[in-house]
Structure formats: C-alpha cells, structure tokens
Q: 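Mind having a look at this structure? Questions to follow.
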Amino acid sequence: MLTIRNPWSAIGGVSGRAVVARALLVGAMLSRFGAAAGAQDIVVAGPQRATRAELTARVADLQRQQSSAQGASLGRLRREGSAIQQRLQTGDFRVGDRFVVSVRMDSVRTDTVLVRDSLRVLVLNLPEVSVAGVLRSELETHINAHVARFVRNASVRTSVLTRVSVLGAVLRPGFYYAAPDRPVSDLLMLAGGPLPDAKTDQFEATRGATKLVDSKAAKRIVKDGSTLEEVDIQSGDEVRFTQRRKVNWGLVVQLAFVASSLFFAALQFIQWYYSRQDN
C-alpha cells in the first residue's frame with residue numbers, strides 16, 4: 001500500500017534558507033515514500049504540489065545519493081531522478097485534465113477549464129494560453145499573469161481537479177473529476193452512491209497494472225478521511241469499490257438436490273448389488 005501524507009501541512013513559505021530546509025524535509029519524505037514505491041515498481045515524481053525549487057533540490061539530492069548507492073537502490077534513485085526531471089520539463093498537465101478558475105473583478109466569475117490538444121486552455125473567453133511545462137504549484141501564478149494581460153485589477157484563484165475512474169459497487173460507474181483535497185470516500189457519492197451490497201470502507205486503487213491501495217489498507221484510509229492527494233491518486237487512476245459476496249441460494253439448492261439424488265441413487269445401487277449377491 002502506498003500512502004503519502006500531505007507534505008505541506010506543517011511547512012511554511014519558501015524563501016532564502018527556508019528553501020534548503022524545506023527541500024531537505026521533502027527529500028526525506030520522498031526517500032521513505034520512494035522506498036515503499038520501489039517494491040511495487042512505481043516511479044516517484046514528487047508530491048503533487050511540489051514547487052520547482054523543491055523538485056530541483058530533490059534531483060540534486062538524488063544525484064548525490066547515487067554516488068554511494070548500488071544495485072536496486074541505485075536503479076530506484078535513477079528512476080526517481082529521471083521522473084522528476086521529466087516532470088520539470090513537461091509539467092503536470094495532460095490533455096483531458098481540468099481545473100477551476102475563479103476571477104475576481106467587479107464580481108466573481110468561475111469557469112471550469114479543459115486542457116485541450118497542444119496543452120492549451122481557454123479562460124473566460126480570453127485568448128488561449130498553453131500550460132505545457134507548468135507544474136500544479138505554478139498554475140495559479142501562470143493563469144494570473146495571463147489574465148492580467150487583458151483584464152486590470154483581476155485576482156485569480158485556481159483549483160486543479162483529479163480525473164478518476166470510479167468502478168465497482170457504485171450506482172453510476174464512470175470517470176469523475178474531484179478536487180485533490182476531497183476524501184477518497186467521497187468518490188462513492190460522486191458516482192451516485194453505493195449499491196446495497198457495497199463495502200463502503202473497502203476499495204482498490206490502481207494505476208495501469210500496478211496496485212496502489214488494496215482493500216485491507218483502504219479501511220484505514222476511509223477511517224482517517226485521507227484525501228486523494230494524500231493517497232497520491234492521480235488523473236487516470238482507477239478506484240474500484242468492493243462488493244459483498246452474494247450467496248446464490250438457487251444454485252446451492254440445485255447442487256444440494258443433485259447431490260442428494262446421486263446419494264440415493266448410489267444407495268439404491270448398493271442395495272441392488274448386495275441383493276444379487278445374496279441370491
């Protein structure tokens with residue numbers, strides 16, 4: 001089971017020496033997370049809201065660790081460093097992602113923005129802007145700067161949504177967009193609520209063929225109210241809620257009838273056989 005708590009919950013702003021201290025703390029967290037992930041061949045690319053400075057510092061730390069690492073540990077460090085560098089280059093957004101933009105001017109206007117082909121987005125009917133190479137932590141500043149080119153005294157807030165496939169014991173299975181700070185258990189209600197035979201405290205989260213969370217670990221996640229971001233559920237992941245096993249009593253009765261019929265048939269055969277022996 002891979003669970004990563006929000007690394008920013010107890011960390012302040014980033015400036016001066018604070019960058020170094022915060023990067024070291026993030027690196028320590030990522031090292032523990034990466035060690036757990038390595039066993040399941042999951043490449044860690046840093047916390048979802050990590051800044052560019054923190055990710056760059058993490059890459060430098062990984063390169064220092066590689067000088068003394070060997071074997072599987074060395075391979076894990078290299079994969080993690082490569083994943084972070086790829087993230088720094090291409091950013092966090094892919095075609096099909098969505099985020100909410102709230103622009104405060106004379107009034108507040110809210111728009112849900114879809115990342116389209118070429119990683120371009122349309123905000124409030126303004127000219128398109130690209131989000132290629134933009135991290136989640138940079139999105140609000142990036143959109144704010146774009147809006148400021150066309151609208152004076154506008155204040156922009158953004159909220160990234162996570163696209164999750166919700167399957168299993170839910171009324172309306174399918175793809176849903178949820179805020180990363182929503183509890184994983186809220187996905188049940190997004191998908192229309194649980195079916196009568198659903199185990200609401202059990203689910204499995206997968207990324208491709210790799211299992212992120214199993215049913216046993218899910219109980220603790222639901223009990224703690226862990227969020228999508230804390231469990232590191234990303235866009236494209238699948239969350240499948242478990243159903244209680246149903247007993248097919250009709251089949252049980254049929255099998256019992258067949259078994260009893262065979263038993264009595266065998267008993268009659270035995271009686272017939274010994275009666276012939278006596279004669």
Q: State the CG-CE distance between L124 and M105, to the nearest 0.5 angstrom.
A: 6.5 Å
Q: Taking E238's backbone N and O only, do any of them form a donor-acceptor pair with S165's side chain (distance below 3.5 Å, no angle check)?
A: no
Q: In terms of side-chain geometry, is the basic nitrogen of D61 or R64 positioned less than 4.0 Å from the acidic oxygen of its partner?
A: yes
Q: Which side-chain N or O atoms in residues 174-184 pair as donor and acceptor under 3.5 Å with protein atoms at least two apart or in another chain?
A:
| residue | atom | partner | partner atom | Å |
| --- | --- | --- | --- | --- |
| Y176 | OH | R172 | O | 2.6 |
| Y177 | OH | G96 | O | 2.7 |
| R182 | NE | D186 | OD2 | 3.4 |

Q: Is there a donor-acceptor pair under 3.5 Å between the side chain of E80 and the backbone N or O of L77?
A: no
Q: Tell me whether H146 contacts the main-chain N or O of S130 through its side chain, where contact means a donor paired with an acceptor under 3.5 Å.
A: no
Q: Report the C-alpha distance between D201 and K199 in whole Å, list the side-chain angles of each, state the deciding distance to 0.1 Å, and finish with yes or no for side-chain contact (heavy atoms from CB on, under 4.5 Å).
A: CA-CA 6 Å; D201 62 345; K199 294 183 178 181; 4.2 Å; yes
Q: Which atom names give the shortest non-hydrogen contact between A50 and L55, and what distance separates them?
A: CB-CD2, 3.7 Å
Q: Would you check if R120 and V115 make a side-chain contact, meaning some heavy-atom pair closer than 4.5 Å?
A: no
Q: With a 4.5 Å cut-off on side-chain heavy atoms, are R116 and L122 touching?
A: yes
Q: Would a 4.5 Å heavy-atom cut-off, applied to side chains only, mark V101 and V156 as touching?
A: yes
Q: Looking at side-chain heavy atoms only, is the closest gap between V113 and V100 below 4.5 Å?
A: no
Q: Return the minimal non-hydrogen interatomic distance between L228 and Q48, and the atom names on each side.
A: O-NE2, 4.3 Å
Q: Please identify which of these residues, T51, D92, T90, meets the side chain to side chain contact (heavy atoms under 4.5 Å, CB included) condition with L135.
A: D92
Q: In this structure, which one of D237, T206, V239 forms a side chain to side chain contact (heavy atoms under 4.5 Å, CB included) with L212?
A: D237
Q: When you compare the side chain of T200 with that of L188, does any pair of heavy atoms fall below 4.5 Å?
A: yes
Q: Working to the nearest 0.5 Å, report the span between CZ of F99 and CZ of R136.
A: 12.0 Å
